[in-house]
S.K.: 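Below are the structure tokens for one structure; questions will follow.
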Number of protein chains: 2
Amino acid sequence: MYLPFRKYIDEYSGDTMTDDEFALVKAAFTPKKIRKKQYLLQEGDVCKHLSFIIKGAMRQYTVDEKGNEHIVRFGIENWWMADRESFEFSTPTIYYIDALEDTELLQVSLANLTELKQTFPGMNKLTLALDKRGHIAAQKRITAAISLTAEEKYQNLFKIHPIFFQRFPQAMIASYLGISPETLSRIRKNSILK
Amino acid sequence: MYLPFRKYIDEYSGDTMTDDEFALVKAAFTPKKIRKKQYLLQEGDVCKHLSFIIKGAMRQYTVDEKGNEHIVRFGIENWWMADRESFEFSTPTIYYIDALEDTELLQVSLANLTELKQTFPGMNKLTLALDKRGHIAAQKRITAAISLTAEEKYQNLFKIHPIFFQRFPQAMIASYLGISPETLSRIRKNSILK
DNA sequence: TTTTATGCTTGATAAATATCAAGTGTATTT
DNA sequence: AAATACACTTGATATTTATCAAGCATAAAA
């Protein structure tokens, strides 16, 4: 179970860790399983853990006054899930996170992560790289959101994350794109890409 | 000119730097002035510098096939401007950055920044804090873009960055929000907030 | 196997927003 | 002072997208 995780860390920290270092990592993380539809986080909670997805899929979303869900992020194998703001600053979150499939996680608390970063520099490099990538990805998504039509948003997502379309219900993808499920259905009917 | 910059670094690194450290910082940065409407970056360029705004205002935007501009970011005093992706990976940018007012900058190259981070840990802390904040801000903007109506987007921006409305032409704010200038004008007419 | 839920599609209509075009006031330039 | 550009507004209309409602196929549950 930990093997792909070890590989993942090596890849993103740009280094090969020793067995001793990996022992530190293992000690800092706790495995957790959650079933499909279960919540990992609910509005008002403080996000206590950063979770690495070993297997499964999750989504992070808000619920507006009308009760509509707006999916902000999906997560699959080798992605991290957390509300960064709530996790870093211990403030109540406005998001929900739940499982779209039965999911296995490795979780680390802020305290353990902070300590791990000090004892194992690779972990520091990893979180740096993640922040950088996250920031760049977020910037791209903003650009898409303000400058593309519904159809272009669809095509863009299809290009960037085709896996989403194999893995998630179309209505959720519509929510992620900020368009209605009916509109996405009609766009797909007229689009070459499917 | 460097004084507010020194204060800014102390604030975000969470530490007070020594005069020696500040000498290192000063050596790494180069002052630059650019006039209103001049480009700092154009599509296809590699973004060679991270620029700190001492005085003035800038915008970062894309231009689509129809020639329409979409503003992705504004920058004012004490904000940083750069295309992170192009800067970090030396890839050609898809963005333009230009000055909305005569602007004074302090610029640092990737090489100098990397070295500075090593010789002065405070700079490392600063960039970390910036990434974290940037990431969180980007996440919020995505949430707003996919879940709010045009009017709600306006009210949200008015709450978060009221200064934008005093400083930038309304048409540019509309572009930033991803709505047409006419729509923003009509929204403001019917809104209490102004 | 019947029932129930889920995921998706389709049509009709409504609402939101963009586009086009003109006009006004104000600042800037000549 | 006249001319030009800029920023914004307003109206009319077109387009995009959402909403409402129904239907169909498939999967899951009873």
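Reminder, nothing fancy here: chain letters follow the sequence lines and each chain counts from 1.
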S.K.: Is it the case that A:T143 and B:Y95 place a side-chain donor and acceptor less than 3.5 Å from each other?
M.R.: yes
S.K.: Could you tell me whether A:R73 sits above the aromatic face of A:Y61, with NZ or CZ closer than 6.0 angstrom to the six-membered ring centre and within 45 degrees of the axis?
M.R.: no
S.K.: Atom NZ of B:K189 to atom C1' of D:dC8: distance rounded to whole Å?
M.R.: 12 Å
S.K.: Would you sort out whether B:Q107 and B:T30 count as a side chain to side chain donor-acceptor pair (under 3.5 Å), showing the intermediate values?
M.R.: CA-CA 5 Å; B:Q107 296 191 307; B:T30 313; over 6 Å; no
S.K.: In whole angstrom, what separates A:I173's CD1 from C:dT9's C1'?
M.R.: 16 Å
S.K.: What is the separation between atom CE on B:M172 and atom C1' on D:dC8, rounded to the nearest whole Å?
M.R.: 14 Å
S.K.: Classify every nucleotide of nucleotides 13-20 of chain D by which part a protein heavy atom approaches to under 4.0 Å, writing B for the base, S for the sugar-phosphate alone and - for neither, in 5'-to-3' order.
M.R.: ----SSBB
S.K.: Looking only at side-chain N and O atoms, does A:E69 offer a donor or acceptor that is under 3.5 Å from a partner on A:S175?
M.R.: no
S.K.: Rounded off to whole Å, could you give me the CD-to-P distance for the A:Q170 and D:dT26 pair?
M.R.: 16 Å
S.K.: C:dA15 P sits how many Å from B:N190 CG, rounded?
M.R.: 17 Å
S.K.: Within this structure, what is the CZ-to-C1' distance between A:R167 and C:dG7, rounded to whole angstrom?
M.R.: 18 Å
S.K.: Could you tell me the separation between the CZ atom of A:F168 and the CD1 atom of A:I71, rounded to the nearest 0.5 Å?
M.R.: 8.5 Å
S.K.: Looking for any heavy atom pair under 4.0 Å, which part of the strands does A:K37 touch: base, sugar-phosphate only, or nothing?
M.R.: sugar-phosphate
S.K.: Specify the separation, in whole Å, of atom OH of B:Y154 and atom P of C:dA16.
M.R.: 18 Å
S.K.: Any side-chain heavy-atom pair from B:R59 and B:I97 closer than 4.5 angstrom?
M.R.: no
